[in-house]
Amino acid sequence: VTPPLTSGPLAGITRELIMEWSPVEEREITLQEAKRADEVFLTSSMRNIQGIERWDDHTFGPSHSVTAALGRRFAECSEDDLDP
């Protein structure tokens, strides 16, 4: 799940590609809902996809299987299409 651009995230290239290449739901999400998630990650042109381990006083679990799978998908699609 990712919030819509009207909620404040930047319209990044990596975010857009992940939404194109993977089943991502775009909808409003509360801070409380986000902190209850099993995993949280950020996207960045410099970092691609990076899991978040700690957010304020909340620590997310050690498993980042969704984040890892999206990272692999991003790497595969990036190699296949150098000019997405």
Side-chain angles (χ1 to χ4, degrees):
V1 174
T2 189
L5 296 177
T6 56
S7 293
L10 297 176
I13 295 168
T14 305
R15 176 186 185 272
E16 186 66 32
L17 290 173
I18 285 297
M19 292 178 66
E20 180 181 327
W21 293 336
S22 303
V24 175
E25 179 183 358
E26 185 179 40
R27 66 172 171 82
E28 295 290 337
I29 183 170
T30 66
L31 179 60
Q32 293 79 16
E33 184 181 5
K35 287 188 173 183
R36 284 193 310 266
D38 294 329
E39 297 180 45
V40 174
F41 62 87
L42 59 83
T43 60
S44 159
S45 294
M46 296 296 290
R47 298 178 186 198
N48 294 337
I49 300 170
Q50 181 172 350
I52 303 296
E53 294 181 16
R54 185 177 167 96
W55 186 350
D56 293 334
D57 60 347
H58 180 77
T59 302
F60 293 95
S63 173
H64 295 278
S65 58
V66 172
T67 304
L70 286 173
R72 287 190 300 274
R73 176 81 175 139
F74 185 81
E76 291 168 3
C77 290
S78 295
E79 284 181 12
D80 290 345
D81 188 356
L82 295 178
D83 188 21

Self-check item: Note, R15 side chain near V24 side chain (heavy atom, < 4.5 Å)
Solution: no
Exercise. Check P9 against P4 and note the closest heavy-atom contact, atom names and distance.
Key: CD-O, 3.2 Å
Practice problem: Inspect the surroundings of CD in E53 and state if more than 12 heavy atoms from other residues, nucleotides or ligands are less than 6.0 Å away. | Solution: no
Quiz item: Looking at CZ of R73 and CD1 of I18, how far apart are the two atoms once the value is rounded to the nearest 0.5 Å?
Solution: 8.5 Å
Exercise. Taking all non-hydrogen atoms of both residues into account, name the closest pair between F41 and I49 and its distance.
Key: CD1-CG2, 3.6 Å
Quiz item: With hydrophobic residues grouped by side-chain heavy-atom distances under 4.5 Å, do I29 and L5 end up in a single group?
Solution: no
Quiz item: Would a 4.5 Å heavy-atom cut-off, applied to side chains only, mark T14 and S44 as touching?
Solution: no
Exercise. If a pair satisfies salt bridge (charged side-chain N to carboxylate O under 4.0 Å, His left out) and one of its residues is in residues 31-51, list it, with sequence neighbours excluded.
Key: R27-E33, K35-D56
Quiz item: Which heavy atom of T6 sits nearest a heavy atom of E28, and at what distance?
Solution: OG1-OE2, 4.1 Å
Exercise. List for me each residue that meets ring-ring contact (aromatic ring centres under 6.0 Å, His included) alongside F74, sequence neighbours excluded, and say none if there are none.
Key: W21
Self-check item: Heavy-atom neighbours of L10 CG exceed 12 at 6.0 Å
Solution: no
Exercise. First locate atom CD1 of I13, then atom CD of E20, and finally report the distance between them rounded to the nearest 0.5 Å.
Key: 12.0 Å
Quiz prompt | Nearest non-hydrogen partners of Q50 and T67, listed with the distance | solution = C-CG2, 4.4 Å
Quiz prompt | Same cluster (ILVMFWY, side-chain, under 4.5 Å), V1 and I52 | solution = no
Self-check item: L17 CG to N48 CG distance, which is reported to the nearest 0.5 Å
Solution: 10.0 Å
